[in-house]
Amino acid sequence: QIRTNLTLTATVNNEQLDRCDFETTMLPKNHWAGESNMAELLAAFSLPNAPYSEELVVKASQVLKRSGLPSQLDGYQSNTREKPYQTAEAIWATIQSESIAYINPSPTFASSGQRIRITEDIKQHKSAACLDLSMLFSSVLERAGLNTVIALTKEHAFVGVWLIDDCFPLLTMDDPMAIRKRVAMRDLVMFETTLVTADTRVSFSQACDQANLLLGEGHEEQFVYAIDIAQGRKRQIFPLPIRVTTEASKLDEQENPAEVTIPPAPVMPPVRADDVATAADTPETRVDQWQRKLLDLTKRNRLLNLAGNA
């Protein structure tokens with residue numbers, strides 16, 4: 001950080017009309033300033049067009065193919081929850097095979113910010129903190145056409161991916177209950193990114209279980225906020241431009257990715273509530289439909305959206 005003085009002068013025909021002097025702090029472009037200084041700008045550090053994001057997406061496609069699944073990374077075009085889940089699971093397996101080492105972040109990064117290792121830095125140095133890993137996952141998931149959420153606690157960060165083409169109505173969410181509800185509705189899955197650096201292989205479902213613990217009621221005092229990347233894009237917060245050399249932009253052809261595969265996705269409800277009727281009418285689907293209606297806090301829920309004369 002550099003403290004400096006800036007002077008702004010307004011002149012007309014070489015005549016000074018006004019002058020303003022003020023002191024400011026200049027930050028490097030890879031520094032996120034934290035909660036107290038436009039926290040929503042964290043969305044700019046999700047870099048879907050970075051060469052390393054493209055490289056990891058290609059590898060994830062190969063993981064899907066080896067697992068006997070369609071290799072297309074087509075976002076939400078399948079109109080199912082299973083395909084986005086499988087895409088996220090393949091990206092998890094791909095990044096896990098990159099052998100990235102975990103390093104401890106600053107204990108106050110959520111409030112005061114930190115320098116973020118962008119995608120190409122992680123590729124070069126093979127090390128990352130929790131927020132760096134979260135932004136790496138967000139970059140690759142966004143490159144695959146999926147919407148992401150970055151959750152921050154007082155000393156930690158992890159990521160989520162939408163299983164439907166949706167986003168939160170607010171750019172920053174400070175209510176963990178709202179996130180837990182969408183997770184319970186199978187609209188969103190949150191996962192703990194640092195487990196990807198573990199010495200022993202951790203499954204994607206285990207990472208999801210760990211993130212759900214972090215979002216639980218027993219940890220609410222640690223929760224700070226979540227930032228919805230897709231909502232940030234709608235509000236004109238675009239990825240930072242990055243400059244890479246020609247060599248760095250090429251796929252690493254010397255590496256032979258581990259022959260990893262992923263298990264089948266769990267059974268999930270249809271994307272739209274109206275589509276439930278087209279699914280097999282079984283006790284399981286009827287119970288699932290009933291549970292989803294109970295969890296719906298939107299205006300579609302007639303129990304909450306009463307008419308004025310009710």
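Along the sequence shown, residues carry numbers from 1.
Just one residue in the list L188, L141, V189 forms a side-chain contact (heavy atoms from CB on, under 4.5 Å) with W162, and that residue is L188. Screening L195, L152, T153, V149 for a side-chain contact (heavy atoms from CB on, under 4.5 Å) involving F158 leaves a single residue, T153. Partner of I229 under the side-chain contact (heavy atoms from CB on, under 4.5 Å) criterion, chosen from I150, I237, N147: I150.
Side-chain contact check for Q86 versus L64: some heavy-atom pair is nearer than 4.5 Å. Two residues are said to be in side-chain contact when any heavy atoms from C-beta on lie closer than 4.5 Å; E89 and P263 meet this criterion. Looking at P84 and S78, their side chains come closer than 4.5 Å, going by heavy atoms from C-beta outward. The side-chain heavy atoms of Y85 and P264, taken from C-beta on, include no pair separated by under 4.5 Å. No side-chain heavy atom of M268 sits less than 4.5 Å from a side-chain heavy atom of T80. Under the 4.5 Å side-chain criterion, counting only non-hydrogen atoms from C-beta, L133 is in contact with V196. In this structure, the side chains of V260 and R66 come closer than 4.5 Å at one or more pairs of heavy atoms. Side-chain contact between Q77 and Q72 is absent, with no heavy-atom pair separated by less than 4.5 Å.
Judged purely by atom type and a 3.5 angstrom limit, D228 uses its side chain to pair as donor or acceptor with the backbone of F168. With H156 contributing its side chain and C130 its backbone, the two residues share no donor-acceptor pair below 3.5 Å. Checking side-chain atoms of R186 against main-chain N and O of V271 turns up no donor-acceptor pair under 3.5 Å. Between the side chain of T148 and the backbone N or O of V161 there is no donor-acceptor pair closer than 3.5 Å. Checking side-chain atoms of E82 against main-chain N and O of V267 turns up no donor-acceptor pair under 3.5 Å. E40 places no side-chain N or O within 3.5 Å of a backbone atom of L171 that could act as its donor or acceptor partner. The main-chain N or O of I164 is never found under 3.5 Å from a side-chain atom of R81 such that the two would form a donor-acceptor pair. Judged by distance alone, with hydrogens and angles left aside, the side-chain atoms of S97 form a donor-acceptor pair with the main-chain N or O of A93 at under 3.5 Å. Side chain of S139 to backbone of L47: a donor-acceptor contact under 3.5 angstrom is found. Under the 3.5 Å distance criterion, the side-chain polar atoms of D175 are matched with a main-chain donor or acceptor of M177.
The minimum heavy-atom distance between R117 and A128, with the atom names listed, is CD-CA, 4.2 Å. Of all the heavy atoms in I227 and A39, the pair that sits closest is CD1-O, 3.2 Å. A144 and I91 make their closest contact through CB-CD1, 4.2 Å (heavy atoms, listed as atom of the first residue, atom of the second, distance). Nearest heavy atoms, A178 versus M173: CB-CE, 3.5 Å. The two residues E120 and A50 make their nearest non-hydrogen contact at OE2-CB, 3.5 Å. Here the closest heavy-atom approach between residue C167 and residue A230 is recorded as CB-CB, 3.9 Å.
Here the straight-line distance linking atom CG of L170 with atom CZ of R235 works out to 6.5 Å at 0.5 Å rounding. A distance of 11.5 Å separates NE2 in H125 from CG in D132, rounded to the nearest 0.5 Å. Summarising the geometry, atom OG1 belonging to T172 is positioned 11.5 Å from atom CG belonging to L42; distances are rounded to the nearest 0.5 Å. Distance CD/Q206 to CZ/R201: 11.5 Å, rounded to 0.5 Å. Distance CG/L136 to CG/L56: 6.0 Å, rounded to 0.5 Å. How far OG of S46 is from CD1 of I118: 12.0 Å, rounded to the nearest 0.5 Å.
Connection of L240 to V140 is established within a shared hydrophobic cluster, with ILVMFWY side chains joined at heavy-atom distances below 4.5 Å, either directly or through further cluster members.
Using a 4.0 Å cut-off between a side-chain N of Lys or Arg and a carboxylate O of Asp or Glu, K59 and E98 qualify as a salt bridge. Salt bridge absent: K123 and D121 never bring a charged side-chain N and a carboxylate O closer than 4.0 Å.
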Residues I262, L69; criterion side chain to side chain contact (heavy atoms under 4.5 Å, CB included); working and verdict: CA-CA 9 Å; I262 59 174; L69 300 169; 3.8 Å; yes

From CA spacing to verdict: side chain to side chain contact (heavy atoms under 4.5 Å, CB included), N5, F22: CA-CA 6 Å; N5 294 316; F22 57 92; over 6 Å; no

Worked check of side chain to side chain contact (heavy atoms under 4.5 Å, CB included) between T193 and Q210: CA-CA 10 Å; T193 57; Q210 181 62 30; over 6 Å; no

Residue pair R233, E142: steps toward the salt bridge (charged side-chain N to carboxylate O under 4.0 Å, His left out) verdict: CA-CA 11 Å; R233 300 291 183 251; E142 191 178 4; 2.8 Å; yes

Residue pair Q62, K65: steps toward the side chain to side chain contact (heavy atoms under 4.5 Å, CB included) verdict: CA-CA 5 Å; Q62 296 169 356; K65 186 175 182 179; 5.5 Å; no

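Dense packing is recorded around CD of Q16, with more than 12 heavy atoms of other residues, nucleotides or ligands lying under 6.0 Å away. Counting heavy atoms of neighbouring residues, nucleotides and ligands inside a 6.0 Å radius, atom CD of E23 exceeds 12 of them.
Classification of the F137-W92 ring pair by plane angle, with boundaries at 30° and 60°, yields parallel.
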